[in-house]
Structure formats: structure tokens, C-alpha cells
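Computed over heavy atoms, backbone and side chain alike; hydrogens, waters and symmetry mates excluded. Sequence lines set the chain letters: A, B, ... in the order given, protein chains first and strands last, and positions in each chain run from 1.
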Number of protein chains: 2
Amino acid sequence: MPSVEESLALIKRGAEEIIQEEGLVEKLKRGEPLRIKAGFDPTAPDLHLGHTVLINKLRQFQDLGHQVIFLIGDFTGMIGDPTGKSATRPPLTKEDVARNAQTYKEQVFKILDPQKTEVRFNSEWMDKLSAADMIRLAGQYTVARMLERDDFHKRYHNEQSISIHEFLYPLVQGYDSVALRADVELGGTDQKFNLLMGRMLQKHYDQEPQVIMTMPILEGLDGVQKMSKSLGNYIGVNDLPGEMFGKLLSIPDELMWRYFELLSFRDMAEIEDFKGQVNAGENPQNIKRLLAEEIVARFHGGEAAQNAHKSAGNQVKLGEIPENVPAVHLEESDDQVEFSISYILRRADLVKNGAAAKDVLGRGAVFVDGAQVDASFMVQRGSEHVIQAGKKKIAQVFVK
Amino acid sequence: MPSVEESLALIKRGAEEIIQEEGLVEKLKRGEPLRIKAGFDPTAPDLHLGHTVLINKLRQFQDLGHQVIFLIGDFTGMIGDPTGKSATRPPLTKEDVARNAQTYKEQVFKILDPQKTEVRFNSEWMDKLSAADMIRLAGQYTVARMLERDDFHKRYHNEQSISIHEFLYPLVQGYDSVALRADVELGGTDQKFNLLMGRMLQKHYDQEPQVIMTMPILEGLDGVQKMSKSLGNYIGVNDLPGEMFGKLLSIPDELMWRYFELLSFRDMAEIEDFKGQVNAGENPQNIKRLLAEEIVARFHGGEAAQNAHKSAGNQVKLGEIPENVPAVHLEESDDQVEFSISYILRRADLVKNGAAAKDVLGRGAVFVDGAQVDASFMVQRGSEHVIQAGKKKIAQVFVK
């Protein structure tokens, strides 16, 4: 195991807050692998680079020889929304949870070492808890302190309703730390309150309290707002290599250093050296390219990273065919020998409906094998074409 | 079954509030026995007449042909105080609950018909509830509305802590109504909030909501403050006949009518007639005596009621020996042949300590077999004496 100083330097890289650092030092000094917990929502996971800030930190703990616990909070997910107010939060089934867990693993194991990761579900211990146990747990915290939590405080004072079960969820999260005997728990800055709950409950259960560590919320491509799917300023871990590469090259120069710190596994010393180069006149795009290659390689492998620049333009240039175009196989059952381009666009999910097809064709934004076509173009059965509809949609379409 | 009008008149007698009367009328109209629920604390029961106001109402429902459910809330009693703050509220064991239930039954079956009373324990269904069920239950109510409850409101605004589990207890009480399919729930006026919880949860579980009925808090012997053991203004259901009789005769004349309404099973018409007699010049003590005899007969039988007046003075007259004096058997192990009266007073629990013995002897308030004695009096081994220490302490003491 690396020295305490070495470990501490890597652990603190990019971290927002550690409570308490002395506790962490003490735990590290023992020279034993620590149990590092991070909890994840069991609903359909579709991760973007913002989510990976936390996962990267877990990876660093792994590299330092510690035991990482990837906890899926399925217990509350399977309860759903008991108030019945949110139709969009139906209770998950065991099958939903298993499927989502699989999707999670496919994504996070591009960062974490599966051999060194304990994947757990909190239903394992929470399903065994009785109503009486839950009441005892609820006895460990007061209403006033719960209402101090930022979001509860705001909602209470704005007279927005808070259901009582919402007071129980932070206690469940805290109890997970007891059940897992966590030494360290990681979370976003918005999770601080819940992470502290684990410390409190561990003390009550006569365990050494976990150290909590918050990681910052990553800014999106604009460098201003937090990365989020709904804001459209995100890079998904399942984005195609070219798309990922292009988006990373498009970020503001200043944001690059933040991304290096939080998303790259390069040494901070090396990153400082890059900064020096840019200050000495190096073109920032050349450095950004190194970042982009590292990230693309993480999710798509080294070869894809080397070629990603070729297809990076697929979002801006119409009619140019990038590499790594997704394949779509259409099986048409009737005996037509040719199909209208409008029909094929819809079948290949390049447009949502007929009206969208008409629109994109009308704008002259449909290209077949790099050549602009109009609504009269017919696709032959048995053919294959790279078909592009607007700046973002492209597919290699096989028609059987 | 009596008519709806007749039933309603008896049910409404002395009641503080009924929510909602229309619902009650509708339930009564069906002509089926209703399920009448009342919940009781599982801690050591030592009932006074104040508690019997509610039990008398249950008895009236029984007389009207309804099914009374005497619910012992043992589930929460067996959890105790999970905050650990109150050393005086340790969790009850199953044995404690069984013992307390037995004591309850001995007292309440002097009023209720055991054959027509369903005695239930809420652990029966609550022990089967999981933490997930408890969370779902908690989803049915909001923090803001819970904080509207009088005592919570005051404590929150006075910055006195409220543990989160205290928010769960009213939900448990409400769920009891669901489990029991209660038609009516009775409680003191201080229970209104919790009783309403049952209505709310029954609706959620697609049951017809129970009608709730609050009974007033009975004033104590002073006619001003509520009857309570700690205020010393109470009549215990286990008080000796003479004591009970004497206390009832001592109440203010005005309070008598309140006691008649809430504690007597005489017709209201008859009671109105008594009022007329008093207004026409009858001595109120003669009417009060009828009340006293009815109450003493309820707890000690008709004969005791007839003789109670003989011993009713045992609290006021020193040196007069009442009937029904409790017996105390002292077994002295050493070989003394006589014991100081001071020592015997302490041993027989007639005084708390040596100082109190000295005090009561000094005041000339110690009587042995009706004769005043001083500190020099010796009690012989093998003797038996009625020993009185002050106006309230008397026992028949056997010294072996």
C-alpha cells in the first residue's frame, strides 16, 4: 500500500470536503484496506461524465488498494412513491432492479475494476427490517434537525408538502453505512446531509464513524451550468467516439483544467506541466485533444480514441461520412422492392414521425452516402447506405 | 336493537364531539352491530374514575348491542423510548404486557361485559409490518400537517426536540383502525388528532371512515382541575369502599351533576328529576349519596355500598376504626419480643421513614385499636392491632 501522504494527496484531488480529515488519516495509518461506499439510484441509469467524477474517485481508492462498495439503493426504489402523487415514479420490480444493475455495471466497469468492486443492494438488509426497527431508527433523529436540510427547509417554508416518509429515507441511507460497516462514504455536495446521517447512526450502533467525502458537481460543456441531460450540455458515457471527442474539443479552454482534475487519471504534476505549456504559447486545442483521447479510450478503447478525430465532425458537417456509424438492420416483410426515403428515415429511427421526415427533407438536410437527396429518393431492398438526417442523426442502414 | 333515535341519545350523552354525526346515523341505520374501538396504554394501569368516563361510554355501546374492542397498544410499549432519553420508559416485555392486561381486565370488567368485549393487542398486526410497510404508511401524511398537532406545534416552536419516531406513532394508531375495521373510535379530547388519523388511513385503504367521538376530561374532587393521581384529587377504582364513598360525598354540589352525567348509568330523566328535588329544597348530600352508592356498588358490590357509609369517615376522624382495613403481616426474624411503635409504623409502610414516624407520633396522630399512643408504645410479637398514622394511613397489623 502507498504511504499515507501519497494516498491522501490522491484522495484529496478534486474533493470538495472531507469530514474529518484527521479521521481519514487515522484510518489510512492502519494500513488495512478501507471499505469505501457510494450509493446509486436504482432507476434507469444513463450515466454522463458528471456522474463519473464520483466513480473516478472510487477508482482512485481502488488503485490505492481499498475495497470499493457500489451500493444500489433498490429498497426505496421498490417502494416507489407511496404518496401516489408522482405517476412517473412507479415501484420498481426485482427484474427492473436486476436489469438496471446490469446496465450500471456495463458503464461503471469501464472505470472500476470488477474484481475489486463489491456490488451490493440495500434490500439485502432493509427487507429484513421490521416496522419496529424502522421506528427505533426514526428515534435517532429529530424533526427540527431534519428540517434543517436545505431542500426540506425550503419546501417547508414555501409551504410545499413534505411527506413523512421522506424523513425516513435519509435514515435508511445512514443505516446502509451501518450494515456495510463503511469506513468512507462518497457523494455529491448535495448529499452531504445524508452522508452525515451515516456517521451519526454508526456512532449509535457503536461503530467508528465513517469519513464522508463530497465531490463537486461537474460543469457541462458550457462551463457554467451543471452537466445535465435536460440542459443538453452533457457527454454521455455511451456517446459514440466521434461525438464524445467532438464535444470534448468544444469545451472552453478554462474548463479543460477542471475536466483534467476531475475526469483524467493523469498525474496532477503532468497536468501542471500542460498548463505551463499553454502559458508558454502552446495551442490549448492540442492539450484538450489529449484529454479527449483519454476519455474516449476509457469508454471505447484505444483504437477508437485514435480514430475518433475522424468522425468528430459528424455533428457539424452535413454530407461527410464519419467512422463508427451505428448500424441499423431493417427487415421488411412485404414484397416491395423499393422504399421511399421518408419511410426509411422513420424505420431507422432517424426521425420521429412523417412530419419530421418531411421537414428534414424539405430543409435539404438528408444525405445518402454523402450525397444530398430529396423526398423522391427511393431506397432499394438489399442495399446498404450511410443515411444522415440533420446534423446529429446518422446510421448505416441495411434493408433486407 | 334500540331505535336510531334512542341509540343516538345515549351515545351523545356527555360526549364532547362527534365527527361526523351524519356518518354515525348512517351506520346505526343499518341495524348491524358496530365495531367500537378504544385504545389503552399498555403501561401499568391503575385506573381512576376519570378513566372510566370512556369505559362507561363503551358500556353504553355494549348495552345498545354493539361490539366493543378494548385495544391495548402494546406494540409501541414494547419498543419503549428509542431516543434513550427517558430512563423511566424502558421497553415492556411480553410478560409485562400480559400482566398489565390482566390488571386492566380486572378493573374494566367491573364496567364492561367480558362476554361482549373483544380484547386485542396491536402487536398482533404491527409485528407483521415491515420497514417498507411503515415507510408506505408514512407516505400518507405530511410533515406540515403533523406539526399542526397541538403538542407538536408547541414543542417545535419552543425548540423542544421532537424525535421522528413520534411522527410515526399517530400513524400506527390510525392503522390500528384499519386492521380492526373500526366503525367508531372513542378517545379523550386530547386524542382527537390521532382519532382523525384513523379516518384518513381507512379512506386510503378503501374502508368506510370511522366515526370519531371524544369524551371530556373529568374534573377531580376539587371540581376545577382534571382528575389526576399526581394532583391527589382522584378516586381510584381500587379505592376501599369507605374511602370511595367519603370522597364522593366530599365533592362540591355543582360537580355532582357532571359526575351523574358521566359516571352514573341512571337515566338522564331521573337525574333531571334529582335536580328538581334539590332546587325544591332537598339536601344535596342525600342525592350525592345515591351517586356514591352506585359507584361503590359498581366496584365493590351492593353490600359494600350499603356499608360504605360506616367506614367513610376513616379519613377524617382519628381513632375511629373503619371496615375494610387492609391487612399487613410482618415477619420479624430476630428474637425480640417487642418492637417500638416507630419501628412498626415504618415496617407496615404507614410512614415513609423514621423522621415521618417521629413527626406523626409528635402530632398525637397515631392510634392503636382506636386509642392514641405516643413514641413509648411497644408492639408485642404475636399481637394484632389496627394501627392508624394520620388521617389517611390505617392497617391491621399482624406481628409474627
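Side-chain contact check for B:Ile135 versus A:Phe75: some heavy-atom pair is nearer than 4.5 Å. By the 4.5 Å heavy-atom criterion applied to side chains, A:Leu168 and B:Leu168 are counted as neighbours.
Per-residue heavy-atom pair counts under 4.5 Å with chain B were compared for A:Val172, A:Val143, A:Ile162, and the maximum is reached by A:Val143. With respect to chain A, the highest number of heavy-atom pairs below 4.5 Å among B:Leu171, B:Leu137, B:Leu147 belongs to B:Leu147.
Nearest heavy atom pair, residue B:Gly139 against residue A:Pro82, reads CA-CG, 4.0 Å.
A distance of 11.5 Å separates CD1 of A:Ile79 from CE of B:Met134, quoted to the nearest 0.5 Å.
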Donor and acceptor N/O pairs, chain B versus chain A, under 3.5 angstrom:
unit_1: B:Pro82; atom_1: O; unit_2: A:Gln140; atom_2: NE2; d: 2.9
unit_1: B:Leu129; atom_1: O; unit_2: A:Ala131; atom_2: N; d: 2.9
unit_1: B:Ala131; atom_1: N; unit_2: A:Leu129; atom_2: O; d: 2.9
unit_1: B:Ala138; atom_1: O; unit_2: A:Ile164; atom_2: N; d: 3.3
unit_1: B:Ala138; atom_1: O; unit_2: A:His165; atom_2: N; d: 3.2
unit_1: B:Gln140; atom_1: NE2; unit_2: A:Pro82; atom_2: O; d: 2.9
unit_1: B:Tyr141; atom_1: O; unit_2: A:Ile164; atom_2: N; d: 2.9
unit_1: B:Val143; atom_1: N; unit_2: A:Ile162; atom_2: O; d: 2.8
unit_1: B:Ile162; atom_1: O; unit_2: A:Val143; atom_2: N; d: 2.8
unit_1: B:Ile164; atom_1: N; unit_2: A:Ala138; atom_2: O; d: 3.3
unit_1: B:Ile164; atom_1: N; unit_2: A:Tyr141; atom_2: O; d: 2.9
unit_1: B:His165; atom_1: N; unit_2: A:Ala138; atom_2: O; d: 3.2

